[in-house]
> 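Got a structure for you, written out below as structure tokens; questions coming shortly.
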Amino acid sequence: MALFGFWILFSASFELIHLGLGLVFSFAVAWLNSGHSPFIPRFRLWLRIFLYFPWLFYEIIRSSLHLSKLILHPELPIDPHLISVNSKLRHHAAVVLLGNSITLTPGTITAEVERNNLIVHAIDKVSGGDVVSKHIDL
Amino acid sequence: MTTFLFFVLVLLVILIGVYLYRVLQGPTIFDRVLGLNGISTKAIILLIVMGVYFDRVDMFIDISTGYALINLVGALAVAKYLEEKGHS
Amino acid sequence: MDILAIIFMIAGLFFLIVAAIGVVRLPDVFSRSHAVSLTDSLGAFLMLIGIALHEGLDTNTLKILVVLALLYILNPVIAHATIRAALRSGLKPWKKKTS
């Protein structure tokens, strides 16, 4: 169904032939992929994800202001180092989301993922400390 | 507004030139891949701004979506290849 | 509405310029990838939000938001793949000289 919504969004026309083609193709693709989809989240997880996004956005703004201050500083006071983050997340998609949001925040980048042990490259003591202390739990 | 959009276009092209310096000059090959990634993001923004400038947003947005997807596949292929091969 | 769009786009341009300066100035691959992530996350976000405000409510605005979500999902994947390849092929991160 979600694929059908995307079809309507991209073609942006409501004639009968377009809608019929979109319906056929979206159900065909969904049927082809229905065997091996690992990501079937529960309802409570979705609710907490919606609470999680504004916090992530605030964090992105704060750390990117910090990083641009570092870049524009004339002496370039950076101190890059590798840190290791151990998370208690069990669900597979939660680890993916954690690594994705660490990389999305400027100043830290996920370099290596074991099962639930992430190696993070941080550019500064401040950015690295953020990852360790404000470590999220879904 | 049109003048401002033209200014934005010129500035984006200059920024692509800055990234191109990193691509041509980079000490390791990963610098070049990183520069190409930055150029692709700039190109997506450039396509959408160009669409607003020429009043054809509906066409240019589809082009930029396709560009983003193709860029993902290409960058992942290059990264996998370099991971197997090692830097030299 | 146009004034708001112009303010957003100028802020986005500021972050894009800072990221370009960082790509030239920073010393090694890992630090440069931080600069590229800066342009991806905040610069592209502010630019595209400015353009969406200028367009008004339309299907084009929805498509712009779809492109933005695509950028937010795909760019960390690319950065992570590049950095992991660089780390696995034996490149050491740049350290500050202790002097």
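Each chain gets a letter, A, B and so on, in the order its sequence line appears, and its residues count up from 1.
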> Donor-acceptor pair, distance only, cut-off 3.5 Å: does the side chain of B/Arg22 make one with the backbone of C/Val24?
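Yes, B/Arg22 side chain to C/Val24 backbone: donor-acceptor pair under 3.5 Å.
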> Which pair of non-hydrogen atoms, one from B/Gly51 and one from B/Phe60, has the smallest distance, and what is that distance?
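Looking at all heavy atoms of both residues, the closest pair is CA-CD1, 3.5 Å.
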> By number, which residues in residues 11-18 of chain C have some heavy atom less than 4.5 Å away from chain B?
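Contacts with chain B: C/Leu13, C/Leu16, C/Ile17.
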> Once you round to the nearest 0.5 Å, how far does CG of B/Leu15 lie from CG of B/Leu20?
12.5 Å
> Going by the rule side chain to side chain contact (heavy atoms under 4.5 Å, CB included), which residues pair with B/Leu69 if we only count those two or more places apart in sequence or in a different chain?
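Once residues adjacent in sequence are excluded, the partners of B/Leu69 under the side chain to side chain contact (heavy atoms under 4.5 Å, CB included) criterion are C/Leu70, C/Leu74.
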> Among B/Leu47, B/Ile45, B/Asp62, B/Ile48, find the one that has a side-chain contact (heavy atoms from CB on, under 4.5 Å) with C/Val67.
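Among B/Leu47, B/Ile45, B/Asp62, B/Ile48, the one that satisfies the side-chain contact (heavy atoms from CB on, under 4.5 Å) with C/Val67 is B/Ile48.
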> Supply the atom-to-atom distance B/Thr2 OG1 to B/Phe7 CZ, rounded to the nearest 0.5 angstrom.
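So the OG1 of B/Thr2 and the CZ of B/Phe7 are separated by 15.0 Å.
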> For B/Leu11, which atoms come within 4.5 Å of any heavy atom of chain C: side chain, backbone, both, or neither?
side chain
> Please look at B/Leu5 and chain C and tell me whether the side chain, the backbone, both or neither of the residue comes under 4.5 angstrom of a heavy atom of that chain.
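For B/Leu5, the contact with chain C is made by the side chain alone.
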> Does any backbone or side-chain atom of B/Val78 lie under 4.5 Å from a heavy atom of chain C? Answer side chain, backbone, both or neither.
neither
> Kindly compute the distance separating CZ (B/Phe30) from CD1 (C/Ile83), expressed to the nearest 0.5 Å.
9.0 Å
